[in-house]
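Note sheet for the following structure.
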Amino acid sequence: PSGRMWIGKSTDGLFSYLNGAMSHFQPSIENTNTLSDALILKVYVDPISSNATRVLVWVGTLGGVVNKVMLTKSPFSNFMRNENPLLLGKGAVLAISEDRKGTVWVGLWGGGLYALMGVDGKYRRIAHYQHEPENQFSLPDSAVSAILEDRERVLWVGTKNGLAAMDEGRKKFVVYRHDENDSASIVGNSINEIYEDHSGSLWVCTDAGLSQLIRGGEKHHFKNYLHSLKDAHKTGGNAVTDIMEDRSGNLWVSMRGGGL
C-alpha cells in the first residue's frame with residue numbers, strides 16, 4: 001500500500017525504492033544489526049504480520065539465513081536489523097511464504113522445507129520436511145523453489161522434481177509429476193513459481209511451460225500452455241520463470257530467454 005519497492009540483488013544486498021529515493025543495505029562486519037549476507041535470493045513482504053504502523057519483510061540469502069527486517073513510520077535506516085537470524089541449514093533460501101495461521105514457510109536448495117512460528121516477536125523452527133525416497137507422501141525433492149497457500153488453505157510446494165500439495169492438517173504431501181503418457185499431467189517437474197489469481201485459479205511456472213490447475217476429485221489435473229510445441233518438456237523455449245496478474249485481470253508471464 002505504501003508503494004515501496006523491494007529489490008534483492010544476487011551480489012549487492014537489498015534495495016528499497018520509495019518516492020524517487022533509493023536506499024541500499026549491505027552486511028557490515030562492524031554492525032551486527034544488518035543483513036547477514038549480500039547474496040539476496042528472495043524478498044517476501046509479510047501480509048499477515050504487517051499492519052498500518054509496521055511492515056515485516058523476510059529476506060532469504062544464498063548462505064541459508066533468513067533475515068527479519070522491520071519497517072516502521074520512522075526512518076527505515078534506523079530500523080534495519082537482523083535480530084536472531086534463523087540459520088536453517090545447508091542450502092540457499094529460494095522461497096518464503098506465510099500461511100493464514102501465521103506459520104512462515106521457507107524453502108531451501110537441497111535443504112527441504114522449514115516451518116517457523118513466531119511467539120512474542122521471536123521465531124523458532126517447528127517443523128522440517130525433506131524428500132524421503134521410501135515415503136510416497138514426502139516432498140518430491142529437497143530443493144524447494146516455490147511455496148504458496150491457496151484460498152482453500154492447501155499449501156503448495158514447488159520443487160526441482162515435482163509439485164506437492166499439503167492439506168490444512170499439514171500431515172502429508174500429494175505429489176504431482178509430469179507423465180509423458182498423460183496430457184493432463186503437469187507440464188514439467190522443475191517448478192519456478194506458484195501463483196493464485198483473483199478467481200482462485202492456480203498457475204504453476206515450470207522449466208517446460210505453464211500449467212493451470214484444474215480442481216476435481218482426490219487428485220487434480222492440469223491444463224498446459226506452451227510457447228513452442230517443438231520444445232515441449234525441454235529446458236529452453238518453454239521455461240516460465242514467473243507470472244503476475246494486473247489490476248485489469250491480465251496475466252503477465254516471463255520466460256527464460258523468451259521475454260514477457
Side-chain angles (χ1 to χ4, degrees), residues 3-18 22 38-47 57-62 91-98 105-109 140-141 143-151 155-165 176-178 185-214 222-260:
R4 183 182 294 272
M5 182 181 295
W6 296 91
I7 304 167
K9 294 190 67 177
S10 59
T11 58
D12 205 20
L14 180 68
F15 292 82
S16 173
Y17 179 81
L18 180 65
M22 182 77 76
L39 302 174
I40 309 298
L41 297 182
K42 191 69 177 182
V43 180
Y44 176 73
V45 180
D46 193 322
V57 181
W58 297 90
V59 182
T61 71
L62 183 66
V93 177
L94 300 183
I96 305 173
S97 189
E98 185 174 16
W105 297 89
V106 182
L108 276 72
W109 179 268
D141 193 85
V144 176
S145 50
I147 308 167
L148 175 77
E149 184 190 45
D150 67 18
R151 62 185 60 187
L155 188 74
W156 294 90
V157 182
T159 76
K160 291 307 176 183
N161 191 30
L163 177 70
Y176 298 86
R177 285 195 176 98
H178 174 68
S185 68
I186 191 169
V187 71
N189 291 330
S190 183
I191 312 300
N192 297 317
E193 191 58 270
I194 306 169
Y195 184 79
E196 186 178 37
D197 66 23
H198 77 281
S199 68
S201 289
L202 197 78
W203 300 86
V204 185
C205 305
T206 82
D207 274 354
L210 179 67
S211 288
Q212 180 185 12
L213 181 74
I214 308 299
F222 298 86
K223 181 178 181 180
N224 299 317
Y225 300 84
L226 300 173
H227 176 257
S228 172
L229 290 175
K230 68 179 181 180
D231 287 332
H233 317 310
K234 298 178 181 179
T235 299
N238 285 305
V240 178
T241 57
D242 208 349
I243 184 171
M244 186 68 66
E245 184 178 20
D246 63 23
R247 295 177 181 177
S248 299
N250 299 307
L251 291 172
W252 296 84
V253 178
S254 63
M255 303 184 67
R256 184 178 300 127
L260 184 65

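Counting heavy atoms from C-beta on, the side chains of W252 and D246 come closer than 4.5 Å. Within the 4.5 Å cutoff, side-chain heavy atoms of R177 are placed close to those of P140. By the 4.5 Å heavy-atom criterion applied to side chains, D150 and W156 are counted as neighbours. Using a 4.5 Å heavy-atom threshold, the side chains of L148 and L202 count as touching. Residues E245 and N250 form no side-chain contact, since every pair of their non-hydrogen atoms from C-beta on lies 4.5 Å or further apart. Within the 4.5 Å cutoff, side-chain heavy atoms of V204 are placed close to those of I186.
Closest approach of I194 and I191 over heavy atoms only: CG1-CG2, 4.2 Å. Here the shortest heavy-atom pairing between G188 and A208 reads CA-CB, 3.9 Å. L210 and C205 make their closest contact through CD1-SG, 4.1 Å (heavy atoms, listed as atom of the first residue, atom of the second, distance). Nearest heavy atom pair, residue W109 against residue K160, reads CZ3-CG, 3.5 Å. Shortest non-hydrogen contact noted between R151 and H198 is NH2-O, 3.1 Å. Among all heavy-atom pairs drawn from E196 and E149, the shortest one is OE1-O, 4.4 Å.
If you check the side chains of S254 and T241, you find a donor sitting under 3.5 Å from an acceptor. Side-chain atoms of D207 and N192 form a donor-acceptor pair, as typed in the model, at a separation below 3.5 Å. A donor atom on one side chain and an acceptor atom on the other are not found under 3.5 Å apart for N161 and T159.
Rounding to the nearest 0.5 angstrom, the gap separating the CG atom in L94 from the CD1 atom in I147 is 9.0 Å. For the atom pair CD1 (I214) and OG (S201), the distance works out to 7.0 Å, reported to the nearest 0.5 Å.
Between W203 and Y225, the ring centre distance stays below 6.0 Å.
With S211 contributing its side chain and V187 its backbone, the two residues share a donor-acceptor pair below 3.5 Å. The backbone N or O of I243 sits nowhere less than 3.5 Å from a side-chain atom of E193 that would complete a donor-acceptor pair.
Ring geometry for F222 versus Y176: interplanar angle over 60°, hence perpendicular rather than tilted (30 to 60°).
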